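Keep in mind it's a predicted model, so treat the numbers as computed, not measured. In listed order, ligands and their atoms are each counted from 1.
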Amino acid sequence: MEIIVKSSDDAVAALCPVAESEGIATVFDRYKAQQPQCGFGSLGLCCRICWKGPCRVDPFGDGPSEGICGANRDTIVARNVARMMAAGAAAHSEHGRHIALAMQRVGKGELPAYQIRDPKKLTAIAERLQIDTKDKSVLQLAHDVATKTLEDYQNQDHHKGCHWISASVPKKRLDRLAKLGVLPHNIDATVAQIMARTHIGCDAEPGNVFLGGIKGALADFNGMSLATELSDAMFGTPAPVVTEANIGVIDRQSVNIAVNGHNPLLSEVICDVSREMNQAAIDAGAPGGINIVGICCTGNEVMMRHGVPLATNYLSQEMAILTGALDAMVVDVQCIMPSLPQIGDCFHTEVITTMADNKMQGARHVDFCEDNATATARKVIQFAIDAYGRRDANKINIPDIKRTAVVGFSAEAVMDALAQVDAVDPLKPLLDHIVTGNIQGIALFAGCNNTQSVQDESYQKIAKTLAANNVLLLATGCGAGAFAKNGLMNQQATELYAGEGLKAVLTAVGEAAGLNGPLPLVLHMGSCVDNSRAITLATALANRLNVDLSDLPLVASAPEAMSEKAVAIASWSVGLGIPTHLGTMPHVTGSQVVTELMTEGTKDLFGGYYLVETDPDLAGEKLVEVIRNKRLGLGI
Ligand code: BF8
Ligand code: SF4
């Protein structure tokens with residue numbers, strides 16, 4: 001079978017032939033096998049909400065225009081997209097709840113494997129949440145912060161917005177959201193309400209359903225904000241660190257363990273315990289000891305906090321096993337391909353699931369909970385060391401492909417770097433450069449890989465266009481992975497691709513911050529849940545200028561949006577007033593009403609909107625244009 005390798009990643013090009021010769025199907029083969037994909041589904045016109053269905057509405061008007069219950073195309077499309085926002089919110093908020101519950105128990109002294117590594121951040125969070133910090137120990141404060149955070153899953157007063165969103169966006173924005181009835185008061189309730197109102201025979205008014213979805217997306221923002229901030233307090237706030245990215249970080253001489261998924265509660269302990277078990281790996285014959293590498297968002301988490309190299313991002317996670325030198329892949333939650341255990345079986349690789357509610361057929365399961373964190377990590381690492389002994393030298397094929405990446409730009413790290421330029425007023429240099437036009441605007445790249453696109457390609461094209469036009473670039477999630485792997489997250493990239501104004505600023509700040517050169521072209525802000533970091537920075541700018549987020553020359557771009565989480569992120573980005581580019585066609589175009597609402601109607605409601613453009617060259621130009629117009633609006 002001819003394989004279509006829809007990727008711009010050289011490592012993928014190098015390893016797909018290995019899969020072919022071994023008779024292993026990868027995501028690219030499965031993509032091909034799915035062609036042509038269902039037109040009804042692609043347009044959002046397939047409804048499976050009840051067992052009278054599935055129903056589908058004919059996009060050309062020749063066949064049925066309603067489902068059996070009478071739901072029309074607009075209702076069906078709106079329900080489908082709102083449910084995606086709810087699922088995204090649930091995923092991020094479960095992650096956040098897990099962290100908050102763990103922190104509450106750390107506060108009670110019940111979890112010896114965890115500490116509060118950044119008490120300064122903890123205090124800052126407490127002040128932000130208006131918690132009295134006086135005379136409290138670090139542990140007491142951790143307990144109080146976690147308890148107040150958990151109220152965002154419990155509050156029943158509809159008139160009281162969730163604590164975290166209320167503490168994270170400008171007052172003007174909060175008022176606007178409250179007026180529209182989309183300010184979430186309780187994450188769980190908001191998700192449940194979307195499921196309830198989209199049940200058969202409930203909310204059928206497409207605009208109303210869609211707004212319900214936006215409220216869920218804003219609950220997603222709330223969930224990820226708390227996940228990010230609490231993780232910083234527990235595991236440390238990221239600061240710039242130099243590392244490497246792409247498949248070449250897998251080391252022939254070491255026991256290679258990939259951590260894949262999202263939740264730092266597991267990966268942090270694996271990193272800690274791997275140091276203590278390093279000698280065991282050497283004794284087992286691996287001179288390099290233990291080499292932890294990251295994949296997807298866990299990769300981002302450990303990369304920004306510990307400089308752990310990144311093996312790859314979402315679409316190429318299978319490639320790590322195809323190197324024949326990966327001894328274990330340890331996974332937790334989200335974006336883990338169920339194909340991994342089968343591919344692991346073709347090699348010696350242990351694929352290990354760790355979460356009770358995230359298992360895979362054919363994988364080994366080692367149950368993780370915070371109480372047994374250290375013992376679980378030891379067990380998992382021992383499985384990897386044992387697997388190393390079963391490696392087949394003839395099957396090892398590690399393409400020597402990796403790039404330097406400077407990562408770890410939390411909002412605090414950005415402010416620290418700016419403070420080297422102006423210690424008294426760190427925001428001033430950034431504002432001044434925006435006003436003079438050295439920096440035209442800010443773009444946040446977020447989201448996934450998607451087989452609908454050529455992996456990583458649009459990210460690079462759009463970023464280069466924006467950089468040449470002096471737009472400051474931030475990135476998270478698999479977007480960050482795309483830039484790190486392809487050499488756009490380092491100082492050389494700044495020299496090569498930044499416009500003159502941007503280059504001057506990145507150089508001045510980088511030199512002042514002691515980096516002996518410019519800041520990297522794209523600033524790594526972390527994993528998907530860390531998209532909230534960009535909003536922290538944007539809110540500081542907006543508050544300073546006494547404007548709303550929608551007034552800033554700020555755009556977001558998700559060139560390869562794929563997951564329900566990405567749908568939720570793009571939607572809260574719109575809800576917060578940010579023009580948000582999607583490079584993949586959302587499954588909504590079967591309804592003109594919903595499509596117009598998303599691309600035009602949202603402008604009036606929120607100031608933000610979905611900008612759909614699948615051509616990366618045009619997308620870059622359009623985003624530059626949006627930024628130009630925002631500047632005109634501000635009179636700069
Ligand atoms: O949370 S960017 S493919 S790995 S959903 Fe998934 Fe998308 Fe990657 Fe991280 Ni985010
Ligand atoms: Fe069909 Fe209506 Fe049931 Fe959807 S909810 S499957 S449109 S009958």
Please report the C-alpha distance between Met329 and Ile295 in whole Å, then the side-chain angles of each, then the deciding distance to 0.1 Å, and finally whether the side chain to side chain contact (heavy atoms under 4.5 Å, CB included) criterion is met.
CA-CA 9 Å; Met329 190 182 300; Ile295 297 181; 3.8 Å; yes
Counting backbone and side-chain atoms alike, is an N, O or S atom of Cys297 positioned under 2.8 Å from atom 9 (Fe) of ligand 1?
yes
Under 3.5 Å, is there a donor on one side chain and an acceptor on the other for Tyr610 and Ser571?
yes
Starting from atom 8 (S) of ligand 2, which protein heavy atom do you reach first, and at what distance in Å?
Cys69 N, 3.4 Å
For atom 10 (Ni) of ligand 1, which candidate among Cys528, Ala480, Gly481 holds the nearest heavy atom?
Cys528
Below 3.5 Å, N or O to N or O, backbone or side chain included: is there any such pair between His92 and ligand 1?
no
Which atoms from ligand 2 have a heavy atom of Gly67 less than 4.0 Å away?
7 (S)
Test of understanding: given a 4.0 Å heavy-atom threshold, classify the contact between Ser563 and ligand 1 as side chain, backbone, both, or neither.
side chain
Numbering the atoms of ligand 1 from 1, which are under 4.0 Å from a heavy atom of His262?
1 (O), 4 (S), 9 (Fe)
Within the side chain of Thr228, is there an N or O that forms a donor-acceptor pair under 3.5 Å with the backbone of Met224?
yes
Give the atom numbers and elements of ligand 2 that come within less than 4.0 Å of a heavy atom of Gly53.
6 (S)
Touching ligand 1 at all, Gly447? Heavy atoms, strictly under 4.0 Å?
yes
Once you measure the plane-to-plane angle for Phe483 and Tyr459, does it fall in the parallel (<30°), tilted (30-60°) or perpendicular (>60°) bin?
perpendicular
Where do Arg73 and Asp58 land on the salt bridge (charged side-chain N to carboxylate O under 4.0 Å, His left out) test, with the steps shown first?
CA-CA 9 Å; Arg73 66 182 66 233; Asp58 189 297; over 6 Å; no
What protein heavy atom is closest to atom 6 (Fe) of ligand 1, reported as residue, atom name and distance in Å?
Cys335 SG, 2.3 Å
I need the atoms of ligand 1 closer than 4.0 Å to a non-hydrogen atom of Cys478, numbered in the order shown.
2 (S), 3 (S), 4 (S), 8 (Fe)
Using a 4.0 Å cut-off to any heavy atom of Met562, which atoms of ligand 1 qualify?
3 (S)
For the CD1 atom of Ile187 and the OG atom of Ser93, what is their distance to the nearest 0.5 Å?
4.0 Å
Please determine if Asn449 has a nitrogen or oxygen closer than 3.5 Å to a nitrogen or oxygen of ligand 1.
no
Answer yes or no as to whether an N/O/S atom of Cys47 is found below 2.8 Å from atom 2 (Fe) of ligand 2.
no
For Ile200, counting its heavy atoms only, list the atoms of ligand 2 lying under 4.0 Å from any of them.
5 (S)
Can you tell me the protein heavy atom closest to atom 3 (S) of ligand 1 and the distance?
Cys448 CB, 3.4 Å
What I want to check is whether the side chains of Lys6 and Gln455 have a donor and an acceptor closer together than 3.5 Å.
no
Find the distance between CG (Asn291) and CG (Asn256) and round it off to the nearest 0.5 Å.
5.0 Å
For a quick check under 3.5 Å, do His92 and Asn222 share a side-chain donor-acceptor pair by atom type?
no
May I ask whether Lys565 has any heavy atom positioned less than 4.0 angstrom from an atom of ligand 1?
yes
Mind running salt bridge (charged side-chain N to carboxylate O under 4.0 Å, His left out) on Arg79 and Asp203 for me, showing each step along the way?
CA-CA 9 Å; Arg79 282 177 177 166; Asp203 197 357; over 6 Å; no
